[in-house]
Structures are given as structure tokens and as C-alpha cells.
Amino acid sequence: MWIPISVIVANIQVIQTVKLFGLVATLGNIVYATSFLVTDILSENYGKKEAKKAVWIGFFSLISMTLLMNLALQFLPFAGDEFASTAHEATSTIFSLMPRIAVASLAAYLLSQRHDVWAYHFWRNHFPKDRQIWLRNNLSTMVSQLIDSIVFVAIAFWGVYEWGILLEILLTTYFLKWIVAAADTPFVYWGKIIYKKNKFLME
């Protein structure tokens, strides 16, 4: 459930650039980074197949949201309804299909999440013990989030901002995701504990 929620919310928030810690960044980074936590928990407890399924659910949820909201924008508000007109204008600002942002979001999401699932199982084969969960979690997530940041910023903002601002957005975007990746490790262990407990009760 959290994968489509985080992906949709992040792609609404990403249209706004803000200053965080004195640096330019896009909103949505923190909530989006939590989607990697979910795929790692699924990979750890239910395997690659279930994690991939969650990635595709998120991908099609993002496509569905984009198409449905742009379809809704084709309906003009009732004439004379000032509130509806204002709401339509605001909704249009947020959800109007911006090809570069849409392509950037979809490409970055799919490439980074597919890599995350693959990398988690790659590192799990090398570090299979439960006490090494932190290692495979961070090695897979931090590289995946770097891929996500590079792909999204390159497609969405290349030529829009000057090189200095572009680099700033990339670095701050990745830095925020890196912080979330480092902080989410206890939750992967927690997920493992809950999984083992439920499995024991079912047996």
C-alpha cells in the first residue's frame, strides 16, 4: 500500500523547489525515499518476486494518477462558480501533464527500484546473515537512490536551470535520500522481527 502512496505524493510535491539547509532541493524526496525501505522489507521477507510486484504496482499507480487527473482537467468548471474555477486552475497547475517531469519520474522510478530489488538480492547472497541486513539494505538503497536522483534531475531539469543550480538540486536531493536510507535500517530489522513472529504464530 505504501509504495503507490509514496510515489504519488512525491510526484505531486516534486514540482516545488525549496531551500533546505541553505541549498536548493525539490520536495518529495523524503516520502519518496521511504518506498525503497518498503521494497527492501519485501525483498528480505517475501523474496524478489513480491518486491518486483510492488515496484510495478507503484509504476502503474503513477501512470494511472497522471492519466486520471489529466482526464479530469478536460472538464471545465461550471460557469459562474468562482470557487470551482479557482480549484480547477490550482489543480491544473499541479497535475497538468508536463512531459519532461512525467518521463523523468517514470524513468527514474523504474530504473532505481528495479536496481534496488536486484541489488538487495545480490548483496544478500554475499551477506546472508540476519545481522548483516543493515549492510545489504544500505548498499542496495544508497546506490539505487543515486541512480534515481541522476536520472530524474537529468531528464527533468537539464537546460531548465544553470549548471550550478542543477548540481545543487542533484546533491541535495541525493543527500536527503541518503539520510533517509541510513535512518530506515532499524525499520528493516523491525519488519524482519514482525515477519518471523507472524510466521511462528501461523505455524
Side-chain angles (χ1 to χ4, degrees), residues 1-18 20 25-73 90-121 137-138 140-157 169-170 172-185 187-188 190-191:
M1 286 174 62
W2 184 250
I3 296 251
I5 290 172
S6 62
V7 171
I8 289 171
V9 170
N11 277 275
I12 293 171
Q13 294 179 342
V14 78
I15 62 171
Q16 187 173 342
T17 52
V18 295
L20 295 173
T26 55
L27 279 178
N29 292 314
I30 294 175
V31 69
Y32 178 70
T34 60
S35 65
F36 291 91
L37 164 65
V38 176
T39 52
D40 284 354
I41 290 175
L42 289 171
S43 291
E44 177 63 34
N45 298 314
Y46 299 98
K48 186 185 289 187
K49 184 178 178 181
E50 293 302 314
K52 282 184 176 180
K53 188 188 295 183
V55 170
W56 283 111
I57 288 171
F59 182 75
F60 288 113
S61 296
L62 181 55
I63 291 177
S64 299
M65 183 272 289
T66 304
L67 293 177
L68 288 170
M69 291 309 299
N70 277 272
L71 179 62
L73 291 175
T91 305
S92 180
T93 300
I94 297 171
F95 292 104
S96 285
L97 180 60
M98 294 174 284
R100 286 186 65 166
I101 298 294
V103 171
S105 296
L106 292 169
Y109 171 81
L110 198 56
L111 288 172
S112 61
Q113 290 283 4
R114 295 276 292 179
H115 175 270
D116 188 57
V117 174
W118 172 84
Y120 192 93
H121 289 275
N137 171 53
N138 285 296
S140 63
T141 299
M142 289 179 178
V143 174
S144 299
Q145 291 179 339
L146 179 60
I147 292 171
D148 180 82
S149 299
I150 291 172
V151 171
F152 180 81
V153 171
I155 297 175
F157 300 128
I169 291 173
L170 174 61
T172 52
T173 296
Y174 180 63
F175 175 71
L176 290 171
K177 291 176 182 175
W178 190 90
I179 293 295
V180 174
D184 73 14
T185 303
F187 294 98
V188 182
W190 187 29

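With hydrogens and angles disregarded, no donor-acceptor distance shorter than 3.5 Å links the side chain of Asp148 to the backbone of Ser144. Checking side-chain atoms of Tyr109 against main-chain N and O of Ala104 turns up no donor-acceptor pair under 3.5 Å. At least one donor-acceptor pair closer than 3.5 Å links the side chain of His121 to the backbone N or O of Lys48. Formation of a donor-acceptor pair under 3.5 Å by the Thr141 side chain with backbone atoms of Asn138 is not found in this model. Side chain of Asn11 to backbone of Val7: a donor-acceptor contact under 3.5 angstrom is found.
Contact detail for Ile8 and Ser61: the closest heavy-atom pair is CD1-O, 4.1 Å. Of all heavy-atom pairs spanning Ala181 and Asn137, the tightest one is O-ND2, 4.1 Å. For the pair Thr39 and Asp116, the tightest heavy-atom approach, listed with the atom from each and the gap, is OG1-OD2, 2.9 Å. Taking each heavy atom of Ser6 and Thr34 in turn, the nearest pair found is CB-OG1, 4.0 Å. Scanning all heavy atoms of the two residues, the minimum distance from Ile3 to Ser35 falls at CD1-O, 3.6 Å. Smallest separation of non-hydrogen atoms from Ala54 and Leu42: CB-CD1, 3.4 Å.
For the pair Tyr32/Thr173, no side-chain contact is recorded, criterion being any heavy-atom separation below 4.5 Å from C-beta on. No side-chain heavy atom of Lys177 sits under 4.5 Å from any side-chain heavy atom of Met142. Using a 4.5 Å heavy-atom cutoff, the side chains of Ser112 and Val151 are not in contact.
If you take CD1 on Ile63 and CG on Leu106, they are separated by 5.0 Å, rounding to the nearest 0.5 Å. Interatomic distance, Ile147 CD1 to Arg114 CZ, rounded to the nearest 0.5 Å: 13.0 Å. Atom CD1 of Ile57 and atom CG of Leu62 lie 14.0 Å apart (nearest 0.5 Å). The distance from the CZ atom of Phe152 to the CG atom of Leu111 is 13.5 Å, given to the nearest 0.5 Å.
Here the options are Lys53, Lys52, Glu50, Lys49, the test is side chain to side chain contact (heavy atoms under 4.5 Å, CB included), and the partner is Val117; only Lys52 passes.
Residue-environment remark: CZ (Phe187) stays at or below the threshold of 12 foreign heavy atoms within 6.0 Å.
No side-chain N or O of Tyr174 forms a donor-acceptor pair with one of Gln145 less than 3.5 Å apart.
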*Show the numbers, then the answer: is there a side chain to side chain contact (heavy atoms under 4.5 Å, CB included) between Phe175 and Leu170?*
CA-CA 8 Å; Phe175 175 71; Leu170 174 61; over 6 Å; no

*Begin from the C-alpha positions of Tyr120 and Val188 and carry the test side chain to side chain contact (heavy atoms under 4.5 Å, CB included) through to its verdict.*
CA-CA 12 Å; Tyr120 192 93; Val188 182; 4.3 Å; yes

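Note: Trp56 and Phe59 meet the aromatic proximity criterion, with ring centroids under 6.0 Å apart.
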